[in-house]
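Reviewing the structure listed below.
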Amino acid sequence: MNHSLLQSARLQLIRQLVYFDEERFHILDNYFANERMKKKGEQFVEEYTRTLEDIIANFEEDKLHSVALIGSEIQTVDEGFEDCYTIVFPHQADPERNQISFLAPFGFQLLMAAQDESRSIETPIGSSNVQVRQVKYVNMGEPYDKPRM
């Protein structure tokens with residue numbers, strides 16, 4: 001990744017921090033139905049923002065690709081079936097292109113997964129064990145339709 005792409009990625013991560021600071025209550029009130037789920041949402045926001053802050057503070061290309069972020073492409077294996085998803089903001093979601101919202105159950109459960117990590121993913125039809133093969137940040141992490149900064 002060249003220097004300008006790295007700087008663009010760093011700026012996108014900063015925008016994500018601003019987004020979660022500004023939109024925290026809106027997200028919690030509108031996407032987490034009950035108090036138990038809202039508490040899980042609060043924990044997610046705290047953990048995700050700490051992860052972003054750590055990556056930004058020690059910004060290196062390897063660290064950028066170390067865990068699944070909003071804007072990361074994730075290669076997975078589930079029961080021998082390989083697939084590739086990009087976790088995006090809700091306004092960017094396009095299931096036909098495997099761009100899944102971070103608020104969709106599958107995307108939410110893959111966030112902050114590391115390469116070679118296994119995750120038990122709960123779906124409406126049951127749970128499955130998903131192996132994360134590769135994580136790569138691909139600059140898809142714009143929180144708003146148009147940048148605000």
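The aromatic rings of F89 and F102 lie perpendicular to each other, with more than 60° between the two planes, well past the 30° mark.
A donor-acceptor contact closer than 3.5 angstrom is absent between the side chains of E61 and Y137. No donor-acceptor contact under 3.5 angstrom links the side chains of T86 and Q99, judged on distance only.
The stretch residues 4-14 participates, sequence neighbours left out, in no salt bridge (charged side-chain N to carboxylate O under 4.0 Å, His left out) pair at all. Sorted by first and then second residue, the salt bridge (charged side-chain N to carboxylate O under 4.0 Å, His left out) pairs with a member in residues 65-91 read E82-R133; sequence neighbours excluded. Counting only residues at least two apart or on different chains, the side-chain hydrogen bond (donor to acceptor under 3.5 Å, both in side chains) pairs with a member in residues 26-37 are H26-N30, D29-K38. Residue pairs that meet the salt bridge (charged side-chain N to carboxylate O under 4.0 Å, His left out) test with at least one member in residues 40-56, sequence neighbours left out, are R24-E46, D54-K63.
Under the side chain to side chain contact (heavy atoms under 4.5 Å, CB included) criterion, P105 pairs with Q109, not counting sequence neighbours. For E122, the side-chain hydrogen bond (donor to acceptor under 3.5 Å, both in side chains) test picks out no residue, with sequence neighbours left out. Residues passing the side-chain hydrogen bond (donor to acceptor under 3.5 Å, both in side chains) test with Q134, sequence neighbours excluded: Q75. Residues meeting the salt bridge (Lys or Arg N to Asp or Glu O under 4.0 Å) test with K39, sequence neighbours left out: none. Partners of F32 by ring-ring contact (aromatic ring centres under 6.0 Å, His included), not counting sequence neighbours, listed by chain and number: F108. Residues satisfying the side-chain hydrogen bond (donor to acceptor under 3.5 Å, both in side chains) test with S8, not counting sequence neighbours, are none. The ring-ring contact (aromatic ring centres under 6.0 Å, His included) search around Y85 returns F106, not counting sequence neighbours.
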